[in-house]
A.B. asks: 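Below you'll find the structure I mean.
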Amino acid sequence: MARTRGHWLLKSEPTAYSIEDLARDGQTFWEGVRNHQARNFLRDAMRKGDLVLFYHSNAKPPGVAGIAKVVSDAYPDATQFDPESRYYDPRASRDQPRWLVVDVAFVACFKHLVPLATLKADAALEGMLVTRRGQRLSVQPVEQRHYARVLELAGHPG
DNA sequence: GCCAACGTTGGC
DNA sequence: GCCAACGTTGGC
């Protein structure tokens with residue numbers, strides 16, 4: 001049986017990189033993940049073709065801004081080797097990289113952002129990780145039914 | 001600006 | 001291995 005397409009939520013501060021930036025670029029490296037749990041999701045569970053809710057964190061208001069798609073498997077994050085990068089990790093080496101990226105492509109920008117407050121208030125989204133207090137993980141798995149519901153709330157077709 | 005919730009670091 | 005101190009994330 002073929003693997004079911006996965007669904008994810010990726011957080012980005014829009015002042016650093018927004019859905020509009022992704023729309024302009026078409027595709028980007030999802031660099032700078034420096035949390036082991038998030039890294040393990042990239043490595044072990046994320047697959048080419050998976051769909052992504054693009055979440056604007058530290059925004060006013062925070063919320064889901066659009067949709068992206070995973071277009072590569074995980075591979076070493078080049079910024080870990082670059083002393084000039086804010087993501088530099090002196091413990092990483094080319095032989096033994098510690099951090100990974102995936103390539104992510106633009107799919108759609110919601111007409112209106114779906115605010116976190118709306119997600120929290122929606123009974124159908126109960127249990128969705130991002131609605132949980134203190135949930136800081138920047139790469140989160142999303143249940144298919146939650147993904148579909150967020151698109152519904154965004155008034156986004158199919 | 002405040003602070004909860006973690007994750008990391010480093011002394012022991 | 002324990003744990004206190006510290007730093008970061010990120011909502012409010």
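In what follows, every chain begins at residue 1, and chains take the letters A, B, ... in the order their sequences are listed.
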A.B. asks: Is the closest basic N to carboxylate O distance between A/Asp21 and A/Arg24 below 4.0 Å?
C.D. replies: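 Yes, A/Asp21 and A/Arg24 are salt-bridged.
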A.B. asks: Looking for any heavy atom pair under 4.0 Å, which part of the strands does A/Arg86 touch: base, sugar-phosphate only, or nothing?
C.D. replies: nothing
A.B. asks: Which part of the nucleic acid, if any, lies within reach of A/Lys60 when heavy atoms closer than 4.0 Å are counted: base, sugar-phosphate only, or nothing?
C.D. replies: nothing
A.B. asks: A/Val114, A/Leu9: one ILVMFWY side-chain cluster at the under-4.5 Å cut-off?
C.D. replies: yes
A.B. asks: For A/Asp25, which residues count as a salt bridge (Lys or Arg N to Asp or Glu O under 4.0 Å) partner, sequence neighbours excluded?
C.D. replies: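 Once residues adjacent in sequence are excluded, A/Asp25 has no partner under the salt bridge (Lys or Arg N to Asp or Glu O under 4.0 Å) criterion.
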A.B. asks: Does A/Asp77 pair with A/Arg39 as a salt bridge, N-O distance under 4.0 Å?
C.D. replies: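 The answer is no: the pair does not qualify as a salt bridge.
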A.B. asks: With clusters defined by side-chain heavy atoms of hydrophobic residues (ILVMFWY) lying less than 4.5 Å apart, directly or transitively, does A/Val64 cluster with A/Leu113?
C.D. replies: no
A.B. asks: Along DNA chain B, 5' to 3', what are the outermost nucleotides having an atom less than 4.0 Å from a heavy atom of chain A?
C.D. replies: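 Listed 5' to 3', the contact boundaries are B/dA4 to B/dT9.
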